[in-house]
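Scroll down for the structure; my scribbles are underneath it.
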Amino acid sequence: MSNKDFYEILGVARSASDDEIKKAYRKLAMKYHPDRNQGDAEAEEKFKEVQKAYDILSDKQKRASYDQFGHAGVDPNMGGGGFGGFGGFGGAQGFDFGDIFSQMFGGGAGGGRQQSYQGADLQYAVEITLEEAAKGIKKRITIPTYEECDVCHGSGAKPGTSASTCSTCHGSGTIHVRQAIFQMQQTCPTCHGTGKEIKDPCVKCRGEGRVKTSKTVEVNIPAGIDNGQRIRLSGEGEPGMHGAPSGDLYVVVHVKEHKTFERNGLDLHCEMPISFAIAALGGEVEVPTLDGKVKLSIPKETQTGRRMRVKGKGIKSLRSSAVGDLYCHVVVETPVNLTERQKELLEEFEKISTGMDRSQTPRQKSFFDKVRDIFD
């Protein structure tokens, strides 16, 4: 077998974690498994390469030796130690693929023990307001789960009866299937890996030993969380079977759209309408924040589109003490439903503004200058 880099064989970086290495191995072992590629010599060779690479990189001592000395550190034929060679398929009469996949996927548990299956991960969506996202909140949610059947007390058998040793696998939970020179280990189709056969199942749980129910979980949603982020609650997912650990619960947070504010990272943005008089003469206005109202000074001659910052009135960072800002975007509002007196005053203002110096209307000046440039 060639001395191809083990990390390259599994398609992982040299800094890959144990879980990443195991995940890559599972994928490739399934792809090149001889039972799936009968008669394909290239796939057989690939499978041996993948197995050898995993044997080294999944062992902390062997991996450390390989990282330091390369193939010489793990191959006895090159003067190294620790690795005894993979061996050929042709003479490997005792080679059991079932053992490989048992290690990979938690397969057959010999010696009469029942197989255990970890519970599935669950996902739950929770909706909160922007104020709750900014300050943090605790939410109680109800999720589906299982509990021990109160009729058979988890045995799965009808009261007064009991489960017997499976007649197919004799209690091991697995069977061996031989194909040509290969021997595969599979979950027993009769007992589904439990090692027990229930001939008279419990009426309530139908032999599962557990029944569907629900439970209430308190979720601590931290201040600063953003829309779409997830919170992981370890062990709060679906319970495992036969004493196996439960899966995890992932709570996906959805933040409702706010009628006033838009969030951009840690900052908040809002539109701030002001009157023509305030915009021209300057003044003080009240603006909303998530903590209440604050007063903001408007400079004279303020134009639409000006952005004014209110420091520290944004969102607190989820991972640090940083706090964003609030940005108010000025909009000079044109009044509607004018009274007769208001109309008179505005008409008088328009008359006395005739012939106004162009420097007093900078936007108009800029606009007409551009128009003149186009047509000149």
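As the structure is a prediction and not an experimental result, all values here were calculated from the model.
Counting heavy atoms from C-beta on, the side chains of Arg306 and His329 never come closer than 4.5 Å. Taking the side chain as every heavy atom from C-beta outward, Ile231 and Pro222 approach each other to under 4.5 Å. At a threshold of 4.5 Å between non-hydrogen side-chain atoms, the residues Tyr146 and Thr213 do not count as touching. For the pair Glu284/Ile298, no side-chain contact is recorded, criterion being any heavy-atom separation below 4.5 Å from C-beta on. Looking only at side-chain heavy atoms (C-beta outward), Lys300 and Leu281 stay at 4.5 Å or farther from each other. Side-chain contact between Tyr327 and Glu262 is absent, with no heavy-atom pair separated by less than 4.5 Å. At least one side-chain heavy atom of Cys270 sits less than 4.5 Å from a side-chain heavy atom of Leu326. The shortest side-chain heavy-atom distance between Cys166 and Cys188 falls under the 4.5 Å cut-off.
Across all non-hydrogen atoms, the minimal contact from Ile315 to Arg263 is CG2-NH2, 3.6 Å. Counting all heavy atoms, side chain and backbone alike, Lys62 lies closest to Asp59 at N-OD1, 3.0 Å. Across all their heavy atoms, His254 and Asn227 have their closest contact at CA-OD1, 3.2 Å. Nearest heavy atoms, Val219 versus Ile141: CG2-CD1, 3.7 Å. What you find for Gln342 and Thr339 is that their closest heavy atoms are OE1-N, 2.9 Å. Nearest heavy-atom pair, Pro273 versus Glu333, reported as atom, atom and distance to 0.1 Å: CB-OE1, 4.1 Å.
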Checklist entry - Could you go step by step and tell me if Leu266 and Val323 meet the side-chain contact (heavy atoms from CB on, under 4.5 Å) rule? => result CA-CA 7 Å; Leu266 299 182; Val323 181; over 6 Å; no
Item to check | Working for side chain to side chain donor-acceptor pair (under 3.5 Å), residues Glu238 and Ser246 | outcome: CA-CA 6 Å; Glu238 185 177 290; Ser246 298; over 6 Å; no
Next on the checklist: Could you walk me through whether Val252 and Val126 satisfy the side-chain contact (heavy atoms from CB on, under 4.5 Å) test, starting with their C-alpha distance in whole Å, then the side-chain angles of each, then the deciding distance to 0.1 Å, before giving a yes or no?
Outcome noted: CA-CA 6 Å; Val252 182; Val126 63; over 6 Å; no
Item to check | side-chain contact (heavy atoms from CB on, under 4.5 Å) between Arg210 and Glu148, intermediate numbers included | outcome: CA-CA 4 Å; Arg210 59 179 189 169; Glu148 184 182 279; 5.8 Å; no
Item to check | Steps toward side-chain contact (heavy atoms from CB on, under 4.5 Å) verdict (Lys313, Phe261) | outcome: CA-CA 12 Å; Lys313 290 299 181 180; Phe261 302 110; over 6 Å; no
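In this structure, Lys158 contributes its side chain and Ser162 its backbone to no donor-acceptor pair below 3.5 Å. With hydrogens and angles ignored, the 3.5 Å screen pairs no side-chain donor or acceptor of Thr161 with any backbone N or O of Ala157. With Glu132 contributing its side chain and Thr129 its backbone, the two residues share a donor-acceptor pair below 3.5 Å. Side chain of Glu347 to main chain of Glu344: no donor-acceptor pair is present (N/O by atom type, distance under 3.5 Å, no hydrogens or angles). Using modelled atom types, one side-chain atom of Asp40 and one backbone atom of Ala43 make a donor-acceptor pair closer than 3.5 Å. A distance-only check finds no donor-acceptor pair linking the side chain of Ser320 to the backbone of Ser317 [under 3.5 Å]. Of the possible polar contacts, none joining the Asp121 side chain to the Gly247 backbone as a donor-acceptor pair under 3.5 Å is found.
Counting non-hydrogen atoms of other residues, nucleotides and ligands closer than 6.0 Å to NZ of Lys31 gives a total of 12 or fewer. Surrounding CD of Glu218 are more than 12 heavy atoms belonging to other residues, nucleotides or ligands, all under 6.0 Å away.
Classified by interplanar angle (parallel below 30°, tilted 30° to 60°, perpendicular above 60°), the ring pair Tyr66/Phe6 is tilted.
Look at Lys351 and Glu348 and you find no salt bridge, because none of the NZ, NE, NH1 or NH2 atoms lies under 4.0 Å from a carboxylate O. Contact check on Lys199 versus Glu197 returns a salt bridge, with a Lys/Arg side-chain nitrogen under 4.0 Å from an Asp/Glu carboxylate oxygen. For the pair Lys311 and Asp325, the salt-bridge criterion is not met [side-chain N within less than 4.0 Å of a carboxylate O]. Using a cut-off of 4.0 Å between Lys/Arg side-chain N and Asp/Glu carboxylate O, Glu236 and Lys215 are scored as salt-bridged. A salt bridge links Asp5 to Arg14: at least one charged side-chain nitrogen sits closer than 4.0 Å to a carboxylate oxygen. Remark: Glu45 engages Lys48 in a salt bridge, criterion side-chain N to carboxylate O under 4.0 Å. A salt bridge does not link Lys23 to Asp18: none of the charged nitrogens lies less than 4.0 Å from a carboxylate oxygen.
Ring-centre distance between Phe47 and Tyr32: not below the 6.0 Å cut-off.
If you take CD on Glu131 and OG1 on Thr289, they are separated by 10.0 Å, rounding to the nearest 0.5 Å. Here the CE-CD1 distance, from Met272 to Ile274, works out to 6.0 Å after rounding to the nearest 0.5 Å. With values rounded to the nearest 0.5 angstrom, Thr174 atom OG1 is found 10.0 Å from Gln186 atom CD. Rounding to the nearest 0.5 Å gives a distance of 9.0 Å between OG of Ser214 and CD1 of Ile143. Rounded to the nearest 0.5 angstrom, His33 NE2 and Gln51 CD are separated by 10.5 Å. To the nearest 0.5 Å, atoms CZ (Arg309) and SG (Cys328) are separated by 12.0 Å.
Under the 4.5 Å side-chain heavy-atom criterion for Ile, Leu, Val, Met, Phe, Trp and Tyr, Ile198 and Val211 are members of distinct hydrophobic clusters. In the hydrophobic cluster analysis, where Ile, Leu, Val, Met, Phe, Trp and Tyr join through side-chain heavy atoms closer than 4.5 angstrom, Leu338 is grouped apart from Ile278. Following chains of ILVMFWY side-chain contacts shorter than 4.5 Å, one cannot reach Tyr250 starting from Ile225, and the two form parts of different hydrophobic clusters.
Checking Arg63 against Tyr7 by side-chain atom types alone, a donor-acceptor pair falls below 3.5 Å.
Here the rule is side chain to side chain contact (heavy atoms under 4.5 Å, CB included) with Lys139, and of Val217, Asn220, Ile221 only Ile221 fits it.
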